[in-house]
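Single-structure report; data block below.
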Amino acid sequence: MYYSPTYVSCHAVCLRLLHLTDFIVNNKTTTKTFKLRHFFQLKKSSNEMANDREILREIWEGKLPVCFRLDKDEVADFREPDPFYLMVPRLSYFPLVIDKVRKHFLKFVANEKAEQEMWLEYNGQPLKWQYPIGVLSDLLLGPDDLLPWNITVHFSKFPESEVYRFDSKEMVESYFMACLKEADVLKHRGQIASSMQKKDHNQLWLGLQNEKFDQFWAVNRKLMEASGDQDYFKYIPFRCYIDDGYRQKLVKPISDDNHKKTLQDLLEELFPGNKNIKVKTHGMIPPMETPLQWLSEHLSYPDNFLHLCVV
Amino acid sequence: MITLDDMSLSIEDFNRCIEDIVNTSDNLIDGWRFEQNEELENGKYIIKKEQKVLSQDQEDDINHVLTFEYHIAFNISYGVPVLCFNVWKQDGTMLTVEEFWKLNERFKESNMYDTITQMDHPVLRRPFFTLHPCRTHEIMEPFLEESKNPVVSWLTVVGPFVHLDLNEEYVKMCS
């Protein structure tokens, strides 16, 4: 597939400009929406939508500024700790990026709490950090919320019935790999993930953990191809978040009469009779007519699932 | 067609199987009961709560009184039943995966992180210890034709790994 040079350069400039505004000029959470929406508008003119590395990288590089504050009731020192600022990758998981946050606040909490697992809260709700960071922000941040994202840090009363205990990075890895394998079961009956070697799995995990796009995609590419002589995945791996949980359903990327299904079709299958549902992912609302196969190949999180949040 | 393979358990089959389990349980007063989220196609599942006294290993003379809550639900992606559970200590806190492992001699040889992991409950979407479903199909396949209740047949294989014992009345349902 190819597109015209004019298209590429215009697009690249646009992205660069918007990238700047994302965090400096306009600190509202909606900027990314404009950027990706713009991308989709450009895309409409192009018939072939596959193999687009640029959008993969754009999604990969998405970051959110977060301001962590220790819960006032947990401060055991006479000094109030300073807040801790961090740029976190949307595609990562909080337990992978908060070692420094823990270290920063540890000396301000009572000694007996220091051994306990830290957890995070926003607006009175514990953050289910088993979900990728970008998903949590899509679920919890409204259009009027300003960045940085203000998150409260706790050391006591871990909300164990809602939040995963990730005592070690290995446990996050095990959860992540379980999601990735499930996605492959949906796409290729699990044949690609199970035929991979341990080193491939490690490469995916290290690529995500160390934020190395090339390292991750060198392996993930195989998972994101339709296998054999097929042009499409068997089913589209997705989670659609609603009512404090999420829905899953077996949805095929093509209809029985061989038409490409769109996001609209997916939502109609998931919520029959409800025409007005819109979903958000990566901070933007993708157009309803986006083909599912393309959406899955390009806007899936590293766990290979599309994470769609009903707005 | 909702199943991944021609030879697999449909949601309807699964629902029938767990209904039979609850009926037998009612006769035995064994404690299995239904729960349902009507919004989901795989919304039906069954629950059983049980107190158990376990010790860490042969040398450990401390007995741990634990409350197990078992759930059997249907995983849509894999098209298989899943056995998930949580365990509470007497002080009301939940057992961690490592703590559970220490109490579980039977898993010594296998990789803890691959066999039992915390996963989202297929209906409740909250963390539960789960026997990973990736091998369930393999275990179930021979039962799909032969057993009248493949869910029970599968439970007789995997239950012992998580201290879930089945009365033989259930096993009779299979033939």
Side-chain angles (χ1 to χ4, degrees), chain A residues 116-117 126 128-131 157-190 193-194 198 201 234-239 241-252 256 269-272 304-305, chain B residues 1-8 10-11 37 39-43 69 73-80 82 84 86-89 91-101 111-138:
Chain A
Q116 294 180 23
E117 200 180 349
K128 296 179 184 174
W129 59 21
Q130 61 269 30
Y131 300 162
K157 294 184 193 141
F158 190 90
E160 55 187 6
S161 65
E162 286 178 78
V163 181
Y164 280 62
R165 275 196 185 278
F166 289 136
D167 300 322
S168 63
K169 299 262 193 318
E170 284 76 25
M171 292 177 81
V172 190
E173 178 181 359
S174 140
Y175 176 81
F176 170 76
M177 290 310 299
C179 293
L180 193 124
K181 281 178 195 164
E182 182 182 334
D184 196 54
V185 165
L186 292 165
K187 284 185 291 188
H188 311 107
R189 296 173 184 245
S194 60
K198 182 77 187 142
H201 289 182
K234 186 162 174 55
Y235 298 107
I236 297 294
F238 74 92
R239 290 178 175 188
Y241 294 80
I242 185 167
D243 302 337
D244 203 34
Y246 57 85
R247 304 277 173 85
Q248 284 182 264
K249 197 178 169 72
L250 299 181
V251 174
K252 292 182 172 165
D256 293 337
E269 286 183 40
L270 198 57
F271 305 105
N304 281 224
F305 273 87
Chain B
M1 195 66 201
I2 28 183
T3 50
L4 279 182
D5 256 318
D6 297 328
M7 272 297 284
S8 73
S10 68
I11 294 183
N37 176 343
E39 308 236 347
L40 303 181
E41 57 178 327
N42 63 330
E69 186 178 304
F74 193 79
N75 181 308
I76 283 198
S77 304
Y78 285 89
V80 297
V82 278
C84 40
N86 273 327
V87 189
W88 283 269
K89 291 180 270 195
D91 65 2
T93 59
M94 275 161 69
L95 221 60
T96 65
V97 182
E98 278 89 354
E99 285 172 324
F100 176 75
W101 207 258
N111 180 347
M112 172 171 81
Y113 293 116
D114 287 345
T115 317
I116 287 198
T117 41
Q118 268 195 318
M119 285 179 68
D120 288 344
H121 186 288
V123 181
L124 299 174
R125 305 305 191 192
R126 286 195 276 109
F128 272 72
F129 295 157
T130 306
L131 270 170
H132 199 276
C134 63
R135 290 197 55 213
T136 304
H137 183 72
E138 210 177 299

side-chain contact (heavy atoms from CB on, under 4.5 Å) involving B:D91 - partner list, sequence neighbours excluded: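 Applying side-chain contact (heavy atoms from CB on, under 4.5 Å) to B:D91 gives B:K89, B:T93.
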Contacts of type side-chain contact (heavy atoms from CB on, under 4.5 Å), residue A:A193, not counting sequence neighbours: A:K181, A:D184, A:L223
Which portion of A:D167 sits near chain B, non-hydrogen atoms under 4.5 angstrom: side chain
Rounded to the nearest 0.5 Å, what separation is found between the [atom1] atom of [X] and the [atom2] atom of [Y]?
X: B:I11; Y: A:L250; atom1: CD1; atom2: CG; result: 7.5 Å
X: B:E39; Y: A:R247; atom1: CD; atom2: CZ; result: 5.0 Å
X: A:M177; Y: B:H132; atom1: CE; atom2: NE2; result: 9.5 Å
X: A:Y235; Y: B:I76; atom1: OH; atom2: CD1; result: 10.5 Å

Side chain B:Q118, main chain A:Y164, donor-acceptor under 3.5 Å: no
Verdict with reasoning, B:E98 to A:R165, per side chain to side chain contact (heavy atoms under 4.5 Å, CB included): CA-CA 11 Å; B:E98 278 89 354; A:R165 275 196 185 278; over 6 Å; no
For [X] and [Y], which heavy atoms make the closest approach, and how far apart are they?
X: B:S77; Y: A:V185; answer: O-CG1, 3.4 Å
X: A:E160; Y: B:G92; answer: OE2-O, 4.0 Å
X: B:E41; Y: A:K249; answer: OE2-CG, 3.2 Å

B:D120 with A:R239: basic N within carboxylate O range, under 4.0 Å: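 Yes, charged N to carboxylate O under 4.0 Å.
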Structural part of B:N86 lying under 4.5 Å from a heavy atom of chain A: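 Contact with chain A involves no heavy atom of B:N86 at all.
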Side chain proximity check, A:Q130 to B:R125, heavy atoms < 4.5 angstrom: no
Largest heavy-atom contact set with chain B, pairs under 4.5 Å, which of A:G245, A:S161, A:A178: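 Looking at each of A:G245, A:S161, A:A178 in turn, A:S161 comes out on top.
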